[in-house]
Amino acid sequence: MGNSFSYYFPYFENELYCEKISLKKIAEEIGTPFYVYSKNAILNKINQYKKAFQSYPTLICYAVKSNSNLSILEIFRENGLGIDIVSGGELYRGLKAGFDPKKIVYAGVGKTDRELADAVKADILSFNVESLMELDVIDQIAGSLGKKANISIRINPDVDPKTHPYISTGLRESKFGIDMEDAIKAYEIAIKKKNLNVVGIHCHIGSQIMDVSPYREAVEKTVELVFRLKKIGIELKHIDIGGGLGIKYRPDDRPPEPEDLAQAVIPLVKEIGLKLLVEPGRSLIGEAGALISQVIFLKDKGKKHFIIIDSGMNDLLRPAVYNAYHHILPVIKSGKKVVADIVGPICETGDFFAVDREIDDLQRGDYLAVMSAGAYGFSMSSNYNTRPRAAEVLVDGNEYFVIRERESYDYIIEPEIKALQKTSGEVK
Ligand SMILES: *Cc1c(COP(=O)(O)O)cnc(C)c1O
């Protein structure tokens, strides 16, 4: 298998497959747009992470927000991973997917009382606490439930992950974590709280990180802090270094491998002997997924050639929000090339997938694949323009499974219909 871009999306006789299934066949059977994920690509990443960290006691916690489909979560659970969650909704999903609460860590600057109470009741492995006020509130909520909550302080190591500013989270001016110089004080406050167990330390510096040196810097600082805590009698059980490893979006991208990350951080963490947690999201699922779409119209305007497709920014927000590059492959290669803007149908100029891109000369009705869309693709999608969210498909060898049906119009308007029935009692 394999082509120049992705091993799990090979071309056979100029036709793009996911593993051993023709994407054209799936498109003809279920319609477009749909997200497709290669199960074996996911398993391969899981194994890369496991192998990389096998020499050191490590829990890999998949970051649910990157792709929260229950069938995807099940793959991670079956393979022994935990999860990193950032909301009560993700806790709900995680528990539904059968994850052991002792493998769930929960970060986020704004956890509501209800979200906190649900997670306290579930007895999760760790709340990754991002402010002094949050410490107080968790203590109160745990007390009122007659429970003890496990907490770690999320520190902000003030390192630059050299990625897009919207996904840089470890710089001092960002809203995340507690600054290094305030962290000791936060731990001193935390250990005095009756309803808290202080179990760990957490940092997460950003996403789509293409070089392991910022990790080394962040983990060095974190380990130093653990030593200082030890000196004043505060002993921790684990160190959680967050997620953020980058993936290949452009053909010439060479992101670090889990092995590179492990080699950079394990020697540092070994010095303190704490259990290690990592929270990869994008790097476990991103390259395993693609968004398959169909060409609706072609249009020439001035010097520009537009290819208008049936997916929009509601399906894949990354180009609009991060100005992100996604590689785009024709499902059937024609061999002839054009330079085109590939755009969606939505009434926003930000609704684009590619600008001035050299691509096969696609015609009305042809299919194309937007690659590396497995992470922050479906999970960031919306119903903007009352567009049903796309179907999701999981491929395993020569079989495929619809793991989320395409939404219907009725499904989208149902909550409003209920309201209408209450007020006027009439619906057409
Ligand atoms: C988003 C997030 C992650 C995952 O980041 P990726 O770039 O998808 O690996 C991990 N930990 C926390 C706290 C996060 O917010």
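Values below: every heavy atom of this structure, side chains too, minus hydrogens, waters and symmetry copies. Just so it is clear, the structure is predicted and the values come from calculations on it, not from any experiment. Counting starts at 1 for both ligands and their atoms, in listed order.
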Fill in: Which residues share a side-chain contact (heavy atoms from CB on, under 4.5 Å) with Glu399, sequence neighbours left out
Phe401
Practice prompt. Answer with yes or no whether the side chains of Tyr400 and Glu19 bring together a donor and an acceptor at under 3.5 Å.
Written response: no
Item to complete: For Lys121, check salt bridge (charged side-chain N to carboxylate O under 4.0 Å, His left out) against everything at least two apart and list the hits.
Response: none
Worksheet item: Using 4.0 Å as the upper bound for N to carboxylate O, is an ion pair formed by Arg389 and Asp315?
Response: no
Practice prompt. Among residues two or more places apart or on two chains, list those pairs meeting salt bridge (charged side-chain N to carboxylate O under 4.0 Å, His left out) that have a residue in residues 181-199.
Written response: Asp136-Lys193, Arg172-Glu181
Worksheet item: Nearest heavy-atom pair of Ile151 and Ala190: which atoms, and what distance?
Response: CD1-CB, 3.9 Å
Practice prompt. List, ordered by chain and residue number, the protein residues whose closest non-hydrogen atom lies under 4.0 Å from any atom of ligand 1.
Written response: Ala63, Lys65, Asp84, Ala107, His202, His204, Ser207, Gly243, Gly244, Glu279, Pro280, Gly281, Arg282, Tyr376
